[in-house]
Amino acid sequence: MSRLLRPSTRRRSVLLILAASVLIALLCSIASVSRISGFPPKLERRNLQTAGAVTHVLVDLKHSGITDGSAQWPYFNRVSTRADLLAHLMASDPGLAYIGRRAGVPADQIAAIAPIGMPVAGALTEPGSEAEAHDLLLARKPYRLEVQSAQGSPVVDIYAQAPTPAEAERLANASIAGARDYFRAVSAQTTLPPVPAADPNVPVDPYASVDAHDPIRVIQLGTPRGVVLTGGADMAVAALTFLLAFGVALAGLLGLAAMRRRRRGAAAIGAGAEPSDAGLTPIRRPILTAAAARATATLPWGPPALAPGGAVALRPAWPVVARSRTATGDGDWPHTSRVLPWMLAGFMVMLWLVPFDSIKLGVPSPIDLWLDRLLLPVIVGTWALSLLVGGRAAPRLRPSRIAAAVGGFVVVAFLSVILDAGTLSHTLEFDTALKKLPLMLSYPMLFVMFASVVRRREVAPFMTFTLLLALVCALGMIWEDKFSQNLFFDWSDKVLPGVFHVASGDAGWDTMGRRFVHGPTSHPLAAAGMLSMAFPIAVLGVIHGQSTRQRILYGLAGAVLLVGVLSTQRKTGLVAPVAGLLTLAYFRRRELLRLAPLGVLGVVVLLIAAPGTAAPVINQFKPDSLSGADTVNDRASDYDAIRPDFWSHVALGRGFGTYDPVGHRILDSQVLGTLIETGAIGLVAFFLLGITVVASARRTIHARHPPWALSALAGAAAAVVFLVLAFLFDSLAFPQLPYVFMCFAGLVAVVVRTPEEDLRPAPG
Amino acid sequence: MELAGIVHILWARRVFVALGIVAAVAAGLLAGRVMEARHTVATAGAGKASMVLDTAHSQLVEAAPKGADTLPMRASLLADTLATRAGRSAIARGAGIHRKDLLVLFPASTKEPTDETPLVKQLLKLTSATQAPYMVNVIVDDLTPIISIEAYAADNAHVRRLTTATISALRSRLSAEDGTGSGGFVLDTAAPPRIEKLPGGSHTVVAMLGAAIVTFAFWCLSIVFVAAVSRRWRGLAQEPDVVARRRTA
């Protein structure tokens, strides 16, 4: 015990950092749920509570016909129409004046809406910029009434929102009393023409005439019970803030401490202390040509490293590194006994071949237990334990620019929710954000695991494995296109035990007459995006294949992937692979030019062999098809419609995960979605995810060392494809795409690191 | 490979792991007791009955009686009227309970909303979980004129009284909602009042097993966590202190 408590400089600094991080996090979390005023200085608790109550009214005539045999459909239609009218009048300015008076609230403090009660096409109800701006104005009011009527029903539902349950109950009751007042006032001002004398030969319809003094009976059903709608919101905000602030502070302080230690270490060596490995300046990114790499391979020691002060040290050459790794006994994937790389490979199989976002565990739980949400925690748990235990096979966490970008996006996403928590709590969207934030964390977690578990020599096998999985996926999609059978869904349903519910995959054609080929995903766009990200691996295999046989095999794989992408019959199926090819062309111009004749020949063969696959996609790019396509026009109109939302939350948006297409527009663009939810800063952070992958990979790509340069280039191309997809549709709505991107990003983060970083012993 | 390290830590502390087994068994037994206690409390059944709204000349006999096509709509609205002040008063009076202690769930309150806004979703979620000492759930589908009644109370005597009172209230609403007193419809009993045992089901074994497994897993995780952290802590003291070394030099 005394040994445990013995003070040391490192222990002291770690304790200090922990204490400072906790203190910063505590201060931030207190500030997030408090209002600080300057004169006099005061700390007040922010009120994030909002309450609601629901009530219903039955609209009837003075003589009820509910159980009167003489009242037929005209009677029910009449009362239903009046119910619809009542709902809209209650939400009108004159109606609100009466309601406000009854509730004791100024009418201009009540936001009232009455949606259209009849079913209409979704596109017609999508709000434009004016409607969005109006909704934003209404969202600021402290009281809210939502009055809903349904077609063919004389019952109106009234949903009231107010700061407290008692006020919500009062508002719900007042809405009915106010509506009655309004109708009484209208009937008092109305003079009805005298009813003509009844013809004794014609039966009297008691429901044909209206009693001016009692035109409509508004009967309240049930008593409204006020409930707190945002219970524990302040605690959740404080907890979120604490976690974020603690994480950022800890990472920042640890980083600062490491920098300080490195600087002191360098100074110590400069002052004449004994040279040691800790004092060497690492070569951050070695630039080696293939020839140079071969030369070094014959040396028992690597190129000399220059230490500060002029000291020269020799480090083991890379082949020696490899031998030492083999000597450890755990080997490199796939020839390894390490569990984590195999778990990651298993997760990749699920990503590419199993419709995991359509498979749910049939057990009641607060969140939907999709298959990935069951598997990922197991992998993360094993990873965390392994990290804690340490040892040779343990994951190694290393800082990188890609990791910083991923972390930056996470921070921005959390900040967007925390800083807008007051509004989100009032608009009842805070819960949605609170659910989506942990789910979003699964993507960075996958990146962290790939970047820390996979070793540099394992990146190339993982890239080949990705290509194989994409190939199987593409073959399945071609089968689906030709035989209208989705093997991924069918086999998942057969293989998985009954406790899992496999949703039936959509089939048939869309409104534009395109077949719905979606492979293991829930939408053809997601399938096309996945295959497009893997396509550059096949092209690189053709360029750099070591034998003709290998090149032919890679060429065939590329062709199958292309046919698979085109079988989705989406424009994305042509745009995304081209984006990948352009990235390759940027870095490997000469090689691609040499391949150009072969590529043209391949396309011609493809058009002849499978005319039904390529032609429908190419036809969609004809000018008349583009201008007339609903998908294009709708996407174009989205840019105008989001202006009010964007300008009202420019910097950090309305909050990550809070834009629900229900009640808003369906945005077919991840860029627009990210801009609305996380603002301009969030969009920059999102772009940085892809940009840092390309930027980090650049040097390694230019070094042209065969296995690493190719993997880096394949990862960079995948990153560009991922960014392009974000402009084409809401790519984060399909979990496969961010997962696959994070796999590539993790592999690039590994491949661009220096070999000596791999050698550095793991702590513990 | 990585798992071997974890197993090694646990084996080195096998006494603590054995204690974890004891804790897991205790947690399982405790969970079993709690489940048994809950099951005993919820033994009161649910009162059930079904009524069918029919035309005065039954549609089962007459080919096309007047108003037969509107029967499902009428049944739904009639069931809704049980939630009016008059309807609730009638039920409470018949059952001999206070009106404020009674909660009536009616067809309009349980149907899908027209527009699922965040306010609507949240309110429906919270109000559906609302409890009251006495509850009546009146269910009608949109296709048949059958009104199903479910009554819940703390004991079987109250359940029986509440079910009967609801049926009587429904019959009284039938004439009250006939604006012209035409008497065109009748309410027949489709299923007489009965008390059904609530499908509580004995999940005791599952709960016991679950509690034991979760407890043991967390116990082992804690052992690994504490061991790993203490090893790191010791390691911090052994790391070369560059500053101290410089001073010595």
Side-chain angles (χ1 to χ4, degrees), chain A residues 3-4 6 8-11 14 52 54 56 58 63-70 72-73 76 115 117 144 146 148-150 155 157 159 161 206 219 221-222 225 227 229 261 264-265 268 271-273 278 330 337-340 382 385-386 388-391 393-394 427-429 662-663 763-764, chain B residues 1-3 5-6 9 55-56 66-67 70 73-74 77-78 80-81 83-85 104 106 108-109 111 113-120 122-124 126-127 130 174-175 177-180 182 184-185 221 224-225 228-237 239-246 249:
Chain A
R3 218 155 40 109
L4 272 178
R6 191 195 307 154
S8 80
T9 319
R10 286 281 284 137
R11 280 184 183 176
V14 167
V54 58
H56 309 263
L58 173 67
H63 293 289
S64 177
I66 292 175
T67 56
D68 179 0
S70 61
Q72 294 300 309
W73 280 117
F76 290 107
R144 188 177 180 85
E146 290 186 16
Q148 298 194 358
S149 59
V155 179
D157 309 321
Y159 303 91
Q161 186 185 345
I219 307 154
L221 301 175
R225 291 180 188 220
V227 284
L229 297 172
R261 223 173 31 246
R264 282 188 177 185
D330 54 9
S337 55
R338 283 149 56 224
V339 177
L340 281 168
T382 313
L385 278 178
S386 178
L388 266 176
V389 171
T427 55
L428 302 172
E429 290 164 319
V662 178
Chain B
M1 188 72 184
E2 305 94 315
L3 296 181
I6 297 165
I9 288 180
T55 43
K66 199 176 174 186
T70 53
M73 175 101 171
R74 290 176 197 274
L77 293 176
L78 183 65
D80 282 337
T81 61
T84 58
R85 192 187 171 88
V104 178
F106 48 101
S109 69
K111 74 173 186 336
T114 310
D115 194 3
E116 271 211 0
T117 63
L119 174 64
V120 173
Q122 194 83 344
L123 268 174
L124 291 183
L126 291 171
T127 50
T130 308
L174 181 68
S175 51
E177 294 303 323
D178 184 353
T180 56
S182 65
F185 298 94
L221 277 177
V224 175
F225 181 78
V229 168
S230 69
R231 200 160 71 178
R232 290 282 167 91
W233 189 243
R234 270 191 232 111
L236 281 178
E239 270 186 26
D241 192 334
V242 177
V243 181
R245 208 163 50 189
R246 192 174 59 173

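Every chain is numbered from 1, with letters handed out A, B, ... down the list of sequences.
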Next on the checklist: Using only atom types and a distance under 3.5 Å, with no angle test, would you say the side chain of B:T114 pairs donor to acceptor with the backbone of A:S149?
Outcome noted: yes

Checklist outcome for this item: On a heavy-atom basis, the closest approach of B:R74 and A:F76 is CG-CZ, 3.6 Å

Item to check | When B:I9, B:V224, B:L174, B:L221 are compared by non-hydrogen pairs under 4.5 Å with chain A, the top option | outcome: B:L174

Checklist entry - Non-hydrogen atoms of chain B under 4.5 Å away: do they reach the side chain of A:L229, the backbone, both or neither? => result both

Next on the checklist: Does any part of the side chain of A:V389, heavy atoms only, come nearer than 4.5 Å to the side chain of B:R231, both counted from C-beta?
Outcome noted: yes

Checklist outcome for this item: Between B:P113 and A:Y159 the two heavy atoms that sit nearest each other are CB-OH, 3.9 Å

Checklist entry - Are the side chain of B:R85 and the backbone of A:I219 linked by a donor-acceptor contact shorter than 3.5 Å? => result no

Item to check | Side-chain heavy atoms of B:Q122 within contact of A:E429, under 4.5 Å | outcome: no

Checklist outcome for this item: All heavy atoms of A:R144 vs all of B:L119, minimum pair found to be CD-CD2, 4.4 Å

Next on the checklist: I'd like to know which of A:L428, A:T67, A:L385 tops the heavy-atom pair count under 4.5 Å against chain B.
Outcome noted: A:T67

Next on the checklist: For B:V120, which atoms come within 4.5 Å of any heavy atom of chain A: side chain, backbone, both, or neither?
Outcome noted: both

Next on the checklist: Shorter than 4.5 Å, heavy atoms on both sides: which option in B:G184, B:A56, B:S109 has the most such pairs with chain A?
Outcome noted: B:S109

Item to check | Residue selection (most heavy-atom pairs with chain A, distance under 4.5 Å) from B:T117, B:V229, B:L78 | outcome: B:T117

Checklist entry - Who passes side chain to side chain donor-acceptor pair (under 3.5 Å) against A:D157, sequence neighbours left out? => result A:H56, B:K111

Checklist entry - Most heavy-atom pairs under 4.5 angstrom with chain A, which of B:D115, B:V104, B:T81, B:T55? => result B:D115

Next on the checklist: To the nearest 0.5 Å, what is the distance between CG on B:D80 and CG on A:L221?
Outcome noted: 5.5 Å

Item to check | Shortest non-hydrogen contact from A:T427 toward B:P118 | outcome: O-CB, 3.7 Å

Item to check | With B:T84 via side chain to side chain donor-acceptor pair (under 3.5 Å) - residues at least two apart | outcome: none

